[in-house]
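Below: the structure, in structure tokens.
Given the structure is predicted, the values throughout are model-derived calculations rather than measurements.
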Amino acid sequence: IVVLYDWTPEGELAYEWLVRELGEARVWRAASLATNVQGLPPSEAQQLAAWRTARTGPALIAHPANRTALLLGGRIPAADLYPLGDVRASHVEAVAGRWSGPPEVEALAADIGGAAALDALLDAVMEGRSGERLAAGAAVRELYERGRQSRLRPRVVPKVGPGTLGIDLFD
């Protein structure tokens with residue numbers, strides 16, 4: 001597995017977890033988060049995955065994005081595996097002491113009182129509860145709608161709780 005390593009708390013957690021589960025020889029870090037878009041060269045992660053595949057067999061690319069970032073972050077670099085994709089930002093913060101997401105998601109969390117408040121409001125908006133009536137609820141709904149196209153892309157997310165992307169959340 002090649003981890004798109006971005007020096008975030010999620011990157012640290014994903015890398016450490018995968019190394020603990022699979023062994024250091026099976027997990028590699030790739031510092032580049034560039035994606036392979038038409039006309040651009042393959043990212044470092046794609047090059048490393050191809051190199052590993054040629055020498056040791058198939059390699060997967062893993063992105064460390066948390067659930068909150070995947071739901072609200074819009075375009076997230078494509079990967080085969082999102083090991084923390086069902087772990088909320090507030091849970092990452094509880095384990096790692098901090099969390100990360102796209103700048104607009106982090107700013108919204110700061111405005112409404114932190115990752116736990118953002119995750120609670122996101123749940124309310126997704127469930128159609130009263131959170132949408134708040135100004136922050138409208139901002140969460142807007143970010144959630146903007147990220148819809150990214151969420152429709154197939155991905156592997158280990159299931160931790162209800163509403164897992166690609167397992168029981170398909171919008």
Side-chain angles (χ1 to χ4, degrees), residues 1-37 40 42-53 56 58-110 114-119 122-123 126 140 143-144 146-169:
I1 294 179
V2 176
V3 178
L4 291 175
Y5 190 72
D6 56 2
W7 291 273
T8 62
E10 292 82 1
E12 290 286 336
L13 288 174
Y15 180 76
E16 290 171 11
W17 175 62
L18 290 168
V19 164
R20 190 171 42 253
E21 294 298 318
L22 303 173
E24 197 166 346
R26 293 185 174 163
V27 182
W28 289 43
R29 296 181 197 212
S32 173
L33 289 178
T35 57
N36 187 10
V37 181
L40 296 178
S43 72
E44 177 187 347
Q46 290 165 324
Q47 293 172 12
L48 186 53
W51 181 83
R52 288 290 306 249
T53 297
T56 61
L60 298 175
I61 297 176
H63 190 284
N66 64 60
R67 174 187 169 88
T68 308
L70 287 173
L71 289 173
L72 300 178
R75 185 159 158 60
I76 301 288
D80 303 308
L81 173 66
Y82 296 83
L84 301 178
D86 206 24
V87 178
R88 300 170 192 281
S90 56
H91 296 155
V92 171
E93 184 175 53
V95 171
R98 59 190 181 94
W99 69 282
S100 69
E104 61 275 14
V105 176
E106 288 186 13
L108 179 58
L118 178 60
D119 285 337
L122 176 57
D123 287 344
M126 288 177 62
V140 168
L143 289 173
Y144 183 75
R146 188 185 71 186
R148 173 166 277 141
Q149 199 60 30
S150 174
R151 289 191 305 276
L152 294 175
R153 184 177 66 239
R155 60 184 82 213
V156 176
V157 176
K159 185 164 183 59
V160 175
T164 303
L165 290 163
I167 295 176
D168 43 22
L169 179 64

For this session: Search all heavy atoms of Leu84 against all heavy atoms of Ala14 and return the closest pair with its distance.
Result: CD1-N, 4.0 Å
Seminar exercise, completed: The salt bridge (Lys or Arg N to Asp or Glu O under 4.0 Å) partners of Glu104 (sequence neighbours excluded) come to Arg146
Exercise. Any side-chain donor paired with an acceptor under 3.5 Å for Ser100 and Glu106?
Worked result: no
Exercise. If every non-hydrogen atom of Arg67 is compared with every non-hydrogen atom of Asp86, which pair is closest and at what distance?
Worked result: NH1-OD1, 3.2 Å
For this session: Step by step, work out the side-chain contact (heavy atoms from CB on, under 4.5 Å) result for Leu143 and Leu122.
Result: CA-CA 10 Å; Leu143 289 173; Leu122 176 57; over 6 Å; no
Exercise. How far apart are the closest heavy atoms of Asp119 and Ala89, and which atoms are they?
Worked result: OD2-N, 3.4 Å
Problem set entry | Nearest non-hydrogen partners of Gly101 and Ala69, listed with the distance | CA-CB, 4.3 Å
Exercise. Of the non-hydrogen atoms in Leu70 and Gly85, which two are nearest, and what is the gap between them?
Worked result: CD1-CA, 3.5 Å
Exercise. How long is the gap from NE2 on His91 to CG on Leu13, to the nearest 0.5 Å?
Worked result: 13.0 Å
Seminar exercise, completed: Residues pairing under salt bridge (charged side-chain N to carboxylate O under 4.0 Å, His left out) where one sits in residues 94-103, two or more places apart or in two chains, turn out to be none
Problem set entry | Audit row: Trp99, Val87, side-chain contact (heavy atoms from CB on, under 4.5 Å) steps and yes/no | CA-CA 11 Å; Trp99 69 282; Val87 178; over 6 Å; no
